[in-house]
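Inspection log for the structure reproduced underneath, given as structure tokens.
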Amino acid sequence: MPNLDIETRGKIALLTLNRPERRNAIDDATIEAIERFFTRPPASVKAVVLRAAGPHFCAGLDLQEHYDLNRGPVEFMRMCQNWHRAFDAMQFGSIPIIAALKGAVVGGGLEIAAATHVRVAEKSTFFALPEGQRGVFTGGGATVRVARIMTPARMIDMMIAARTYDAQRGYDVGLAHEIVENGEGEKRAIAIAEAAAEHYDVTNFAILTGISRINDMSTTDGLFAESLLAGMVMTNPDLRPSLEKFFARKAPRLEPKG
């Protein structure tokens, strides 16, 4: 697919943003490729690692393409809606997506990272929303996804005060879930993806499609939706061998770890 390389390794797929000469800036072709993959993923794929070629994860919207196309307001709004569909397919699909972050995670790069489920950041990672400095505005879902992660007040501050967060500050506000040494992000993301790929499909489905949507609901509706998902998962016949292993004390012990 244009600008998006796809490799499968057993139950996981490795998706690589592949425009290193442009800091992996996202153009129309990249969004189309992302939506196509996550709308119709291969049946054999149970988890995904989203990584990037070169030293940077993603520098955001390809402003050169935007300038050259000279879109009108309606055309640009439709482009934003293309991003929304692609990132919705990621966030609310049934496949865990682990992001291996490094270098720039900026603008639209932060928007695509926010649509993933686990974000592993190398120490080189930095986060920013420079739209205010460039006279533009977010359009790929940051006001929803990023603001819900770091709070609207922090997002406004980041944009108005032109703040750039390093990996530690990003971790502190939830933009990253784990920090690793430079060069170790992809390895760690693959390890998480391989473990997630062994979960029951129905459990991953409930986790990925349920929690974010329930967070949008009233308390009463959320509790009802949770009971529906729990009923679906907990009565799954495939769960019985796992419970029997637990009863026989053969399940892995829970120990504190990162």
Practice task
State whether R119 and E178 are salt-bridged, where the test is any N-O pair (Lys NZ or Arg NE/NH1/NH2 against Asp/Glu carboxylate O) under 4.0 Å.
Solution key: no
Completion exercise
For Y171, the hydrophobic cluster (side chain heavy atoms closer than 4.5 Å, chained through members) also holds I179
Exercise for the section: Check the hydrophobic clustering (I, L, V, M, F, W, Y; side-chain heavy atoms under 4.5 Å; chains of links allowed) and say if V45 and M90 are grouped together. Expected result: yes
Practice task
Starting from V144, walk the hydrophobic network (Ile, Leu, Val, Met, Phe, Trp, Tyr; side-chain heavy atoms closer than 4.5 Å) and list everyone else you reach, by chain and number.
Solution key: none
Exercise for the section: Using a strict 4.0 Å threshold on nitrogen-to-oxygen distance, state whether E7 and R51 make a salt bridge. Expected result: yes
Practice task
Measure the shortest side-chain to side-chain distance between Y165 and R163 over non-hydrogen atoms and say whether it is less than 4.5 angstrom.
Solution key: yes
Problem - Side-chain ion pair, R154 and D172, N-O less than 4.0 Å - result: no
Exercise for the section: Quick one: name the residues clustered hydrophobically with F126, using the 4.5 Å side-chain heavy-atom rule over I, L, V, M, F, W, Y, and just say none if it's on its own. Expected result: V106
Problem - Pairwise side-chain contact, L17 with D5, heavy-atom cut-off 4.5 Å (strictly under) - result: no
Fill in the blank from the handout: Here the pair of heavy atoms bringing A100 nearest to F57 is O-CD1, 3.5 Å
Problem - Minimum heavy-atom distance E75-N70, with the two atoms named - result: OE1-O, 4.4 Å
Handout entry: Closest contact, heavy atoms only, M232 versus F205
Key = CE-CD2, 3.8 Å
Handout entry: Side-chain heavy atoms of V49 within contact of I97, under 4.5 Å
Key = no
Exercise for the section: Taking only Lys NZ, Arg NE, NH1 and NH2, and the carboxylate oxygens of Asp or Glu, determine whether R145 and D88 approach each other closer than 4.0 Å. Expected result: yes
Handout entry: Any V105 side-chain heavy atom under 4.5 Å of L175 side chain
Key = no
Practice task
Examine distances only and state if a side-chain atom of S124 and a backbone atom of N182 form a donor-acceptor pair shorter than 3.5 Å.
Solution key: no
Practice task
Decide yes or no for L4 and L15: does some side-chain heavy atom of the first lie under 4.5 Å from some side-chain heavy atom of the second?
Solution key: yes
